[in-house]
Amino acid sequence: MTPIPQWLKDLVGRNKAALRSSAAMGAEDSIKRHTLHTVCHAAKCPNRGECFNCGDATFMVMGDICTRGCRFCAVGRGRPLPLDPGEPSRVAEAVKEWGIRYAVLTMPTRDDLQDGGAAHFARVIEAIHQTAPGVKVEPLISDFKGNLDALKTVLSAGPEVLAHNVETVPELYASVRIGAQYERTLNVLAESKKIAPHILTKTGFMVGLGETDAQIKNLMKALRSADVDLLTIGQYLAPSSSHYPVARYPEPEEYRAWEAYALTLGFKGVASGPLVRSSYRAGALYARAKGLPACKGK
């Protein structure tokens, strides 16, 4: 088992300390009162304190049980519960109460549903727009098994960003992303831009799974060929000993080099660092791409 370097442990510790701030505790309280799921908790994200302190969070809709079994993910796998028709309004009320300006939504893969949950996801986006006008919304979707009608349903709800994660290099898909297909993921991103050119597209991938630098750069080139606008790169941290093992922990300067390379390819915004996740400070990344001011914390 590859030992975690001390500098990374220290970084995680500083982020966890931010959970004690009043802003972070208020966010936690709101999530509990509205009976909501967040990927911040389900995926054991190390950035909860930093993001909550800036009024950011990623709400997980349609439950917290996934129908697939990716070997890197901490989200539970099994038979999901039926969709909750009251969820869209509860999420929207929480967004309004919290006073956030940029809402990130994600979902477990719901292969049990004919449309993959697209219509329900669209209702959540629409409820936020109706309840909290002016709030920007970024849905992080599954691949919907390549169902383009499902993709159109989500895009028709008018999000500012459409996110779908590639997660890793194509050479590792067979061992890391059970049930997913690399070409299908690229197609979801490319088709999103064709269907709604005005909506930014976004993806993210992990490093430390055994990929090479050349594979990483080839992946970034492929993503730009699919006209992806925003990119996140972060360290894979195994949720438990039974998950896919960590192969290595790249040094901070490697992340800076990948970010610089990605920007030369034409990405409009890049977040690259050891604790960066796909929804990490998503509002700030969107603002950077649009040349707008971003939250600096509370």
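One is the number of the first residue; the rest follow in order along the sequence.
Environment of CD in E251: crowded, with over 12 heavy atoms of neighbouring residues, nucleotides or ligands closer than 6.0 Å. Environment of NZ in K268: sparse, with no more than 12 heavy atoms of neighbouring residues, nucleotides or ligands closer than 6.0 Å.
Counting heavy atoms from C-beta outward, F205 and T232 have side chains that stay 4.5 Å or more apart. Between T203 and H164, every side-chain heavy-atom pair lies at or beyond the 4.5 Å cut-off.
Within the 3.5 Å criterion, the main-chain N or O of M107 finds no donor-acceptor partner in the side chain of S142. In this structure, the side chain of R224 engages the main chain of V228 through a donor-acceptor pair within 3.5 Å. A donor-acceptor pair is defined here as one N or O able to donate and one able to accept, closer than 3.5 Å; such a pair exists between the side chain of T212 and the backbone of Q215. For the pair E87 (side chain) and M62 (backbone), a donor-acceptor distance under 3.5 Å is present. Between the side chain of R101 and the main chain of K136, no donor-acceptor pair closer than 3.5 Å is present.
Defined by atom type and a distance below 3.5 Å, a donor-acceptor pair is present between the side-chain atoms of N165 and S278.
E254 meets the salt bridge (charged side-chain N to carboxylate O under 4.0 Å, His left out) test with R248; sequence neighbours excluded.
When hydrophobic clusters are built by joining Ile, Leu, Val, Met, Phe, Trp and Tyr residues whose side-chain heavy atoms come closer than 4.5 Å, directly or via intermediates, L140 is not grouped with Y280.
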Ring pair (Phe, Tyr, Trp, His ring centres under 6.0 Å) assessment of Y255 paired with W258: CA-CA 5 Å; Y255 291 96; W258 289 322; 5.4 Å; yes
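Taking the six-membered ring where tryptophan is involved, the planes of Y102 and Y286 are tilted, since the angle between them lies from 30° to 60°.
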